[in-house]
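The analysis underlying the following values was restricted to heavy atoms, covering all of them including side chains, and did not include hydrogens, waters or symmetry mates. Whatever order the structure lists ligands and atoms in, that order sets their numbers, starting from 1.
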Amino acid sequence: MSTERTFIAIKPDGVQRGLVGKILKRFEQRGFKLVAMKLCMPGKEHLEKHYADLFSKPFFAGLVEYMNSGPICAMVWEGLNVVKMGRMMLGETNPQASLPGSIRGDYSIQVGRNICHGSDAVESANHEIALWFKPEELMSYDSCTAKWIYE
Ligand code: DAT
Ligand code: MG
């Protein structure tokens, strides 16, 4: 069985709006395994690294300022195809294009306040997990429900 992992973050607007529990619940109830979680404000430099590929975009400064405006709930989730599934659960980058039923489609309106982040590929997931978490913060344990979720 694949042990693919993804980095999911609830952005400062999601935390402020009291959506942490609701977003967590969706990943739990889908059957994914929580490997790490922390509330943090990692600072501007760290957030610039996280979004380094968007450095040249006109919205980059505003994006970093928004991400630095309050606590972020950073998480690592594990499971079969979790990177792609996580992106589907989040919805489109622009909430205007996100279907109802997705997190962004249910809880947000504007691209600059889209409440959550999810890695877009296995490679970027591994990179982001290493940026946000120390190895000892990633829990290694057997899920007692795994045999009822996977065949
Ligand atoms: P995603 O978060 O879906 O992976 P992305 O990596 O292209 O999307 O962009 C990162 C974040 O930057 C996105 O969640 C919100 C912000 N962003 C993207 N495009 C934007 C735009 N055109 N205007 C303002 N903010 C934008
Ligand atoms: Mg992205």
Side-chain angles (χ1 to χ4, degrees), residues 1-139 149:
M1 223 279 290
S2 148
T3 52
E4 188 173 300
R5 289 176 171 181
T6 192
F7 174 66
I8 300 289
I10 305 170
K11 297 176 177 181
D13 48 342
V15 173
Q16 289 288 349
R17 292 177 53 198
L19 298 174
V20 170
K22 289 193 171 93
I23 294 170
L24 261 180
K25 186 182 159 108
R26 291 180 181 224
F27 283 86
E28 284 186 325
Q29 72 189 9
R30 189 81 195 247
F32 291 121
K33 180 173 144 188
L34 184 60
V35 166
M37 180 167 78
K38 63 182 172 189
L39 204 59
C40 56
M41 279 190 73
K44 199 165 169 258
E45 206 175 304
H46 176 102
L47 295 163
E48 284 171 352
K49 271 190 211 156
H50 173 74
Y51 280 130
D53 57 324
L54 299 172
F55 180 75
S56 60
K57 301 282 184 191
F59 57 82
F60 182 76
L63 173 63
V64 170
E65 194 184 338
Y66 150 59
M67 290 294 285
N68 200 31
S69 66
I72 291 170
C73 181
M75 299 174 281
V76 177
W77 290 90
E78 185 180 289
L80 183 65
N81 220 4
V82 70
V83 172
K84 190 166 169 237
M85 303 290 283
R87 291 285 291 191
M88 285 175 69
M89 289 165 70
L90 258 54
E92 300 298 321
T93 301
N94 187 345
Q96 297 283 316
S98 296
L99 292 176
S102 67
I103 295 166
R104 286 166 174 165
D106 284 348
Y107 301 123
S108 65
I109 293 173
Q110 262 195 322
V111 69
R113 296 290 183 271
N114 64 1
I115 64 170
C116 51
H117 166 84
S119 308
D120 62 9
V122 173
E123 200 185 22
S124 49
N126 293 333
H127 177 78
E128 289 170 0
I129 291 166
L131 177 66
W132 286 80
F133 289 95
K134 298 180 194 127
E136 62 268 28
E137 292 177 314
L138 303 171
M139 298 296 115
I149 292 166

| field | Among V15, L90, I10, I103, the one residue meeting side chain to side chain contact (heavy atoms under 4.5 Å, CB included) with I115 | value | I103
| Qualifying residue, where the test is side chain to side chain contact (heavy atoms under 4.5 Å, CB included) with D13 and the options are Q110, M67, R113 | R113
| N/O separation below 3.5 Å, H117 to ligand 1 | no
Tell me whether [X] reaches ligand 1 (any heavy atom closer than 4.0 angstrom to a ligand atom).
X	value
D120	no
R87	yes
K57	no
M67	no

Of all the non-hydrogen atoms in the protein, which one sits nearest to [atom], and at what distance?
atom	value
atom 2 (O) of ligand 1	R104 NH2, 3.2 Å
atom 15 (C) of ligand 1	V111 O, 3.4 Å
atom 19 (N) of ligand 1	F59 CZ, 3.3 Å
atom 3 (O) of ligand 1	T93 OG1, 2.5 Å

| said: Pair M85, W77 - check side chain to side chain contact (heavy atoms under 4.5 Å, CB included), show working. | reply: CA-CA 11 Å; M85 303 290 283; W77 290 90; over 6 Å; no
| message | Below 4.0 Å, non-hydrogen atoms only: which portion of L90 touches ligand 1? Side chain, backbone, both or neither. | response | neither
Out of all atoms in ligand 1, which are within 4.0 Å of some heavy atom of [X]? Include the element for each.
X	result
L54	9 (O), 10 (C)
Y51	10 (C)
N114	13 (C), 14 (O), 15 (C)

| query | Are any of the side-chain heavy atoms of H50 and W132 separated by less than 4.5 Å? | reply |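 Answer yes - side chains close enough.
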| field | All side-chain contact (heavy atoms from CB on, under 4.5 Å) counterparts of M89, not counting sequence neighbours | value |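 For M89, the residues satisfying side-chain contact (heavy atoms from CB on, under 4.5 Å) (neighbours in sequence not counted) are R26, F27, R30, F32.
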| Taking E4 for the side chain and V83 for the main chain, is one N or O donor matched with an acceptor at less than 3.5 Å? | yes
| Expected output: side-chain R104 to main-chain E92 donor-acceptor under 3.5 Å |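 Confirmed, R104 side chain pairs with E92 backbone.
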| field | Shortest reach to atom 11 (C) of ligand 1 by a heavy atom, considering only L63, D53, N94 | value | L63
| request: State whether Y66 and K11 meet the cation-pi test: NZ (Lys) or CZ (Arg) under 6.0 Å from the six-membered ring centroid, and within 45° of the perpendicular axis. | output: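 That pair does not qualify as a cation-pi contact.
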| message | Would H117 and I72 count as a side chain to side chain contact (heavy atoms under 4.5 Å, CB included) here? Give the steps. | response | CA-CA 10 Å; H117 166 84; I72 291 170; over 6 Å; no
